[in-house]
A.B. asks: 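This structure is in structure tokens; I'll ask about it shortly.
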Amino acid sequence: MDTDHVNNLDEETLFVVSQTFKALGDPTRIRILHLLFVNEYSVNGISEALSLKQSTVSHQLRFLKNLRLVKYRREGTTLYYSHDDEHVMNILEQMIKHARH
């Protein structure tokens, strides 16, 4: 491993990496991201698909949006959410496959 590369981690990079792992460390956020891996959903759609309260879904989406792990588009008064980071989604899917192995 290139030790110069490891030693050059700046504070912002460390923070983003740790927050991303924090996001992936929560079962509810994992369920939401896994759902958004295949399709976009409204808050209501996520709530119904995962049997979660809308307030819970909204709170988790806000956390994920702040990390740029999800994005949304507006259609009328409805927001449709989808994943926004292919790298993180690939890591998540690999971990799910690993856990099922």
A.B. asks: Suppose the criterion is salt bridge (charged side-chain N to carboxylate O under 4.0 Å, His left out): which pairs have a residue in residues 26-44, not counting sequence neighbours?
C.D. replies: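 Non-adjacent pairs meeting salt bridge (charged side-chain N to carboxylate O under 4.0 Å, His left out): Glu40-Arg73.
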A.B. asks: Table please: side-chain donor-acceptor pairs of residues 76-92 below 3.5 Å, with sequence neighbours left out.
C.D. replies:
residue: Asp85; atom: OD1; partner: His87; partner atom: N; Å: 3.0
residue: Asp85; atom: OD1; partner: Val88; partner atom: N; Å: 3.1
residue: Asn90; atom: ND2; partner: Glu86; partner atom: O; Å: 3.2

A.B. asks: Identify whether Val38 and Leu61 are in the same connected component of the hydrophobic contact network (ILVMFWY, side-chain heavy atoms under 4.5 Å).
C.D. replies: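 Yes, Val38 and Leu61 fall within the same hydrophobic cluster.
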A.B. asks: With rounding to the nearest 0.5 Å, note down the distance linking CD1 in Ile32 to CG in Leu64.
C.D. replies: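 One finds 6.5 Å between CD1 of Ile32 and CG of Leu64.
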A.B. asks: Using side-chain hydrogen bond (donor to acceptor under 3.5 Å, both in side chains) as the criterion, list what pairs up with Glu93, not counting sequence neighbours.
C.D. replies: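 Once residues adjacent in sequence are excluded, the partners of Glu93 under the side-chain hydrogen bond (donor to acceptor under 3.5 Å, both in side chains) criterion are His34.
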A.B. asks: Return all side-chain donor-acceptor pairs below 3.5 angstrom for residues 11-21, not counting sequence neighbours, or 'none' if the list is empty.
C.D. replies:
residue: Thr13; atom: OG1; partner: Asp10; partner atom: OD1; Å: 2.8
residue: Thr13; atom: OG1; partner: Asp10; partner atom: OD2; Å: 3.3
residue: Ser18; atom: OG; partner: Leu14; partner atom: O; Å: 3.2
residue: Ser18; atom: OG; partner: Phe15; partner atom: O; Å: 2.9
residue: Thr20; atom: OG1; partner: Val16; partner atom: O; Å: 2.8

A.B. asks: Quick test of your reading: applying salt bridge (charged side-chain N to carboxylate O under 4.0 Å, His left out), list the pairs with at least one residue in residues 45-56, sequence neighbours left out, ordered by first then second residue.
C.D. replies: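 Sorted result for residues 45-56: empty, none.
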A.B. asks: With rounding to the nearest 0.5 angstrom, report the NZ to CG distance, Lys71 to Leu36.
C.D. replies: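 Rounded to the nearest 0.5 Å, the NZ-CG separation comes to 11.0 Å.
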A.B. asks: May I have all residue pairs that pass ring-ring contact (aromatic ring centres under 6.0 Å, His included) and include part of residues 40-69, sequence neighbours excluded?
C.D. replies: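 Checked against ring-ring contact (aromatic ring centres under 6.0 Å, His included) - neighbours excluded - no pair reaches residues 40-69.
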A.B. asks: Please list, chain by chain and in numerical order, all residues satisfying side-chain hydrogen bond (donor to acceptor under 3.5 Å, both in side chains) with Asn44, sequence neighbours excluded.
C.D. replies: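 Only Gln54 meet the side-chain hydrogen bond (donor to acceptor under 3.5 Å, both in side chains) criterion with Asn44.
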A.B. asks: Does the side-chain contact (heavy atoms from CB on, under 4.5 Å) test come out yes or no for Thr28 and Leu50, once each step is laid out?
C.D. replies: CA-CA 9 Å; Thr28 301; Leu50 300 179; over 6 Å; no
